[in-house]
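Each chain gets a letter, A, B and so on, in the order the sequences are listed, and its residues count up from 1. All values below come from the heavy atoms of this structure, side chains included, with hydrogens, waters and symmetry mates left out.
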Amino acid sequence: MHFSWFQFIPGLQNLPTHVATAGFGTLLIILISLIAYSVAGKPEEALIPSQGFSLRGLFEVIVESLTGLVDSVMGHGNERMVPIIGSMFLYILLNNLLGLFPGFSPATDNLNTTLACGVTIFLLYNYEGVRSNGVGYFKHFLGPLIWLAPIMLPIELISHLVRPMSLGLRLFGNMTGDHTVLAIFLNLAPVGVPMIFYALGLFVCFVQAFVFSLLSMVYISLATAHDH
Amino acid sequence: MTNFVRSLFVVASTFFVAIPAFAEEASGKGGPMFALASALAIGIAAVGGAFGQGKTAAAALDGIARNPAAQGKIFVPMIIALALIESLVIYALIIAFGLSGKA
């Protein structure tokens, strides 16, 4: 078993590492959001941009970029998707970044965590599809022409069931592979060379969180597409 | 197929003839075939993935070269395409991990 900082905390010692890391990551997110909430101020004074680089400006940048991302991929009128997509993005990003610190391993290192995120997105886009299209959402599965239905139905079902699996496996594989490569290089050349792999790990963390949220947005917009 | 690929195939098939000899030495766990399988899995997957991602990046760079103002709009679909192609390589990597755990 590798070393982990959670060995020193008496309550968390017996939990599996990824559960303890996920709990720690959630605690961090709650702390950060409490700080952001207290810094945000009343709506009247929030209209005036803050001077220079301040904490409030930082949180405003994050929220604005997330909102802009959701707007650009899903079009206007989808502001209610911003909380779920934004929190998924930040959760995965924070858990990935925790793995870069020595002694921690990312919670997304384990298939359970990533598959849970994938299943959440699966349930979410199905719910959104039924909510916006009614029961006619299930006509999507039958394909374009009605006599193609017996062939299209298994294909569509399988491709829909594969989506959460692929979301989870992609994130899990990237994090595990990256962590393994980093461990190997730290064994080979302890000084200097692993810096490149830390930079690669940082890049991979951002890109994987970004791709996860992008793909979930694409699935949701596919499910809620009205074919008039 | 080109002549080079054909001759490469002939050379590779002579290795497969030697498989019964390896099987004699291996005992218990199934021996070197699992190691060979896991190495081949990730190796071939990496070749295919590199070809696909190379074409994606080339097309994206061509688009940016034609129209530098479209860089923001080209970047996001390029990242999606790279991640989707890479996910196939990751599936093969997971199989390679599973196989190397058996040998």
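Across every non-hydrogen atom of B:Val76 and A:Leu214, the tightest pair is CG1-CD1, 3.9 Å. Looking at every heavy atom in both residues, A:Arg170 comes nearest to B:Ser87 through NE-CB, 3.0 Å. Considering every non-hydrogen atom in both B:Ala83 and A:Val211, the closest pair reads CB-CG2, 3.3 Å.
You'll find the side chain of B:Ile90 stays beyond 4.5 Å of the side chain of A:Phe172, heavy atoms only.
In this structure, OG1 on A:Thr176 lies 8.0 Å from CG on B:Leu93, to the nearest 0.5 angstrom.
Looking at A:Leu171, there are no atoms closer than 4.5 Å to chain B (heavy atoms on both sides), in backbone or side chain. Contacts between A:Ser72 and chain B at a heavy-atom distance below 4.5 Å are absent for every atom of the residue.
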